[in-house]
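Here the structure is laid out as structure tokens; the discussion comes afterwards.
In listed order, ligands and their atoms are each counted from 1. For the numbers below, each heavy atom of this structure counts, side chains included, while hydrogens, waters and symmetry mates do not.
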Amino acid sequence: MQDPKFVIGMEFGSDDVFRNAIRAHAVKNRRAVRFKKNDPNRIRAICEKEGSKWFVYGSWLNDKRTFKIKSMGDEHTCAMTFTNKFVNSKMIANKYVN
Ligand SMILES: [Zn+2]
């Protein structure tokens with residue numbers, strides 16, 4: 001989960017695992033990723049930098065035990081950002097405790 005590579009069809013054990021993978025991607029790659037308003041069954045994350053085509057969209061499978069990437073956009077076409085709201089004291093603590 002240091003720098004997850006997303007592909008369509010990739011499966012996660014839960015929506016939380018998926019969210020954490022997106023956060024890890026955003027932090028590691030210094031991208032302005034944010035979550036769109038989500039409903040309980042699906043998650044869409046986008047890059048909010050203008051012009052960037054990156055997004056990833058996933059939803060639960062019918063069994064409600066597997067969260068799967070259904071579609072995603074291209075690689076980031078944006079510049080890196082040096083502020084990231086996913087970097088907070090909890091994340092930094094986790095990283096260094098590990
Ligand atoms: Zn981007």
Side-chain angles (χ1 to χ4, degrees):
M1 283 300 181
Q2 284 286 301
D3 184 15
K5 302 287 182 219
F6 299 107
V7 290
I8 291 172
M10 186 180 271
E11 295 179 347
F12 299 84
S14 75
D15 53 344
D16 278 343
V17 175
F18 182 55
R19 270 194 205 91
N20 284 333
I22 290 167
R23 288 188 187 102
H25 163 84
V27 171
K28 180 72 183 177
N29 296 286
R30 298 180 180 280
R31 303 300 182 179
V33 173
R34 71 176 175 87
F35 293 103
K36 297 276 278 184
K37 206 158 140 196
N38 301 128
D39 73 38
N41 294 316
R42 38 191 158 253
I43 293 170
R44 181 184 294 271
I46 61 158
C47 179
E48 63 187 357
K49 276 284 161 75
E50 206 177 321
S52 186
K53 301 274 195 293
W54 187 92
F55 76 91
V56 61
Y57 169 76
S59 63
W60 286 103
L61 297 184
N62 289 334
D63 66 6
K64 298 284 184 205
R65 280 183 292 192
T66 309
F67 203 89
K68 188 172 179 175
I69 294 181
K70 294 294 178 59
S71 65
M72 56 183 294
D74 296 330
E75 291 296 302
H76 291 277
T77 46
C78 54
M80 288 184 172
T81 177
F82 290 91
T83 57
N84 194 307
K85 61 178 175 291
F86 292 142
V87 178
N88 56 33
S89 55
K90 180 166 173 266
M91 173 168 249
I92 291 167
N94 281 337
K95 189 172 171 75
Y96 288 99
V97 166
N98 289 342

Those residues that, when tested against Lys70, pass side chain to side chain donor-acceptor pair (under 3.5 Å) (two or more places apart):
Ser59
Look at the side chain of Arg31 and the backbone N and O of Cys78, then say whether any donor-acceptor pair between them is shorter than 3.5 Å.
yes
The side chain to side chain contact (heavy atoms under 4.5 Å, CB included) partner of His25 among Ile22, Asn29, Val27 is Asn29
Ring center gap for Phe67 and Phe12 short of 6.0 angstrom
no
Taking atom CD of Glu11 as the centre, report whether more than 12 heavy atoms of other residues, nucleotides or ligands fall under 6.0 Å from it.
yes
Do any N or O atoms from the side chain of Thr77 and from the backbone of Gly51 form a donor-acceptor pair under 3.5 angstrom?
yes
Which of the protein's N, O or S atoms come within less than 2.8 Å of the Zn ion (ligand 1), not counting waters?
Cys47 SG, Ser52 OG, His76 ND1, Cys78 SG
